[in-house]
Amino acid sequence: MMKAILFLFWIFLTHVAITLAADPVTKEIQRGFSAKHDDSYSQFQPLLTDPTGVFSLGFLRIDSNFLDLAVLHLPSSFPLWRAIPANPAPWTGTISLSFDGTLVLSDQKKSTVFWSAPSDSTGDRVLLLNSSNLQIQKTGNPASVLWQSFDFPSNTIVENQNFTSYAKLLSTNQQFSMSLGHNYFALYIEFGKGSNSAIYYKHTALQAKAQIVEGKGPTYARIGSEGFLGMYQKEGPPADVLSFDTFNRRYQVFYRMTLGDDGNLKAYYWNNSAWMLDYTAITEPCDLPSTCGSYSICRSQEQPQCTCLDNGTNGCLPMGNGNFCMASGDKENANGAGYGVLTRQGVDLANKDLVDFTTMGSLEECHSTCEKNCTCWGAIYSNTTGKCYMMDYPIEMVIEGDESKFGYFKLRSVEDGDEKKESKDDKVKVALLVIGCGILAAAGGFVAYRIWERRGRGGGMGGSMEDGLAPGPYKDLAAASFKSIELSDSFRKP
Ligand SMILES: *[C@@H]1O[C@H](CO)[C@@H](O)[C@H](O)[C@H]1NC(C)=O
Ligand SMILES: *[C@@H]1O[C@H](CO)[C@@H](O)[C@H](O)[C@H]1NC(C)=O
Ligand SMILES: *[C@@H]1O[C@H](CO)[C@@H](O)[C@H](O)[C@H]1NC(C)=O
Ligand SMILES: *[C@@H]1O[C@H](CO)[C@@H](O)[C@H](O)[C@H]1NC(C)=O
Ligand SMILES: *[C@@H]1O[C@H](CO)[C@@H](O)[C@H](O)[C@H]1NC(C)=O
Ligand SMILES: *[C@@H]1O[C@H](CO)[C@@H](O)[C@H](O)[C@H]1NC(C)=O
């Protein structure tokens, strides 16, 4: 009898223990779901898990003061997807995630929407698949997918995720991006609204086993379980195989590729206790824009050496502010104010094989063409080839070159000490600039629109679009107003 009681007691105990240990987190979110942020979870509050328990959707703490909705790889706590990396919500504050046909991250009164899945409101359930893909589905036979996180990557793609030309990877600091062209993928430096991006790495498909035919559908890239990044236009043999170190070694591992805050693209696999580096896109330090940063010269040595273009005392930041339109029209600038010019012999571009050039007869022609062009920030001329490379973005990727290369750089003329002061004059200049540089503004608007669209139409940025400065730790250049770009030193420092 005693034994039986003890046995029942044991059953009871283990049952309680199992119940307590069992993950209370749901595997399926249904209409009417709402979960409040509970700040007793210090780093991550899980809300939904995948069937294998490896991945979880939940509230992730960012830089102690902020919160984002994220899909985490639980064993490593690595966020594979984030909803609003550029503009995370405040950690304090009453945030909730709700599902009434579409997912909404908002404050509890829903007066501020931080993010919502850009799908219509007809979803029946939300699932996290064993691939880490978060899906809003409409039940039926078969169920249709209304929205999936795989189509909106942040800085990472994982095995079996299709990365298409509609998507873009953005490093968490928002300074670098990766996107697909029709037969290549490339990495870019992002300057935010009002500026073009600068390409610094390009991988073109070899097309050995399959051709990419323009007009025959979009290209997409995908990490294969054999350890490679493939480029495809249709299923079947890939048009390109970018092999990782473990390629074809039949490792049964989970792969990811991440665009880091240093601008490098790397692949890793999970070895059950750590992420192992398996591929690095850029191995030469001076080919990486973060090595020295803007307005500096990178010298390739055992240890890369960085010097400033200008011997300025405030780092390498006599910032160009895009105010160069003034050169042609404005009287003040015709007199030489507005920006200064720096010329240097023996400088080259690390990315010159990727940027456009025009062949010109002389150094003077190259430099004066840049001078007259309001979207030109600088130019490099090679007097051996006659090629004139013009930069339509702030000066980046400058390296030491031979004596036949001549650089011409527009620099913002900095009045001692008050470079950050916001004068009325500056505002007028900005206004003139916006009118004068219609192309620039339109391009910026287009970029902003695409970013807005990518983040979810009307997804609600909590009014921060209008405020100009993003509240987050990551300065959101794309959403920031032109003024804040000019007046803040949001650009990278070396
Ligand atoms: C993931 O789910 C699919 C079907 O939904 C299944 O075929 C596959 O084996 C699963 N993979 C893992 C690792 O559980
Ligand atoms: C990736 O694209 C292929 C081809 O269009 C498709 O068959 C497959 O279902 C897609 N995978 C995902 C996860 O969307
Ligand atoms: C995974 O990598 C770590 C770090 O290199 C190593 O210590 C560990 O032994 C590896 N684990 C397995 C299972 O290979
Ligand atoms: C920078 O300073 C060094 C040493 O003071 C000098 O040799 C060099 O010519 C300067 N360069 C420029 C561009 O002024
Ligand atoms: C100005 O330079 C940009 C590239 O820097 C070029 O695309 C544009 O056509 C040029 N504009 C004029 C008027 O030459
Ligand atoms: C290029 O410029 C250098 C320095 O001014 C000069 O010595 C050289 O003759 C020039 N080369 C050509 C082909 O013009």
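Atoms within a ligand are numbered from 1 in the order they appear, just like the ligands themselves. Any value given below was found using the heavy atoms of this structure, including those in side chains, with hydrogens, waters and symmetry copies removed.
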Donor on one side chain, acceptor on other, K387 and T358, under 3.5 Å | no
Walk me through it: do F185 and H203 pass the test ring-ring contact (aromatic ring centres under 6.0 Å, His included)?
-> CA-CA 5 Å; F185 75 83; H203 177 84; 5.4 Å; yes
Determine if the SG-SG distance between C298 and C286 falls under 2.5 Å.
-> yes
What protein heavy atom is closest to atom 7 (O) of ligand 3, reported as residue, atom name and distance in Å?
-> S273 OG, 5.0 Å
With respect to R125, which candidate in Q30, Q137, Q135 satisfies the side chain to side chain donor-acceptor pair (under 3.5 Å) definition?
-> Q137
Given Y251, Y269, Y255, the one that forms side chain to side chain donor-acceptor pair (under 3.5 Å) with T246 = Y255
Counting heavy atoms only, name the option from N130, N160, D50 that's nearest to atom 14 (O) of ligand 1.
-> N130
heavy-atom search around atom 6 (C) of ligand 2 in the protein gives N162 ND2, 4.1 Å
Please state which part of K234 comes within less than 4.0 Å of ligand 2, counting heavy atoms only: side chain, backbone, both or neither.
-> neither
Cation-pi, W275 ring and R256 (6.0 angstrom, 45 degrees) = yes
Which residue and heavy atom of the protein sit nearest atom 5 (O) of ligand 2, plus the separation = Y220 OH, 4.3 Å
Give the atoms of ligand 3, by number and element, whose distance to some non-hydrogen atom of N271 is under 4.0 Å.
-> 1 (C), 2 (O), 3 (C), 8 (C), 10 (C), 11 (N), 12 (C), 13 (C), 14 (O)
Which bit of L129 is near ligand 1, meaning a heavy atom under 4.0 Å away: side chain, backbone, both or neither?
-> neither
Contact bool for atom 2 (O) of ligand 1 (protein heavy atom, d < 4.0 Å) | yes
Per-atom contacts of ligand 2 with Q148, taking only distances under 4.0 Å to non-hydrogen atoms | 14 (O)
Audit row: N133, S131, side chain to side chain donor-acceptor pair (under 3.5 Å) steps and yes/no | CA-CA 5 Å; N133 193 4; S131 56; 4.9 Å; no
Nearest protein heavy atom under 4.0 Å from atom 11 (N) of ligand 2, yes or no = yes
Find all atoms of ligand 2 within a distance of less than 4.0 Å from any non-hydrogen atom belonging to E235, and give their numbers and elements.
-> 3 (C), 4 (C)
Can you find a side-chain donor-acceptor pair between S177 and E190 that sits under 3.5 Å?
-> yes
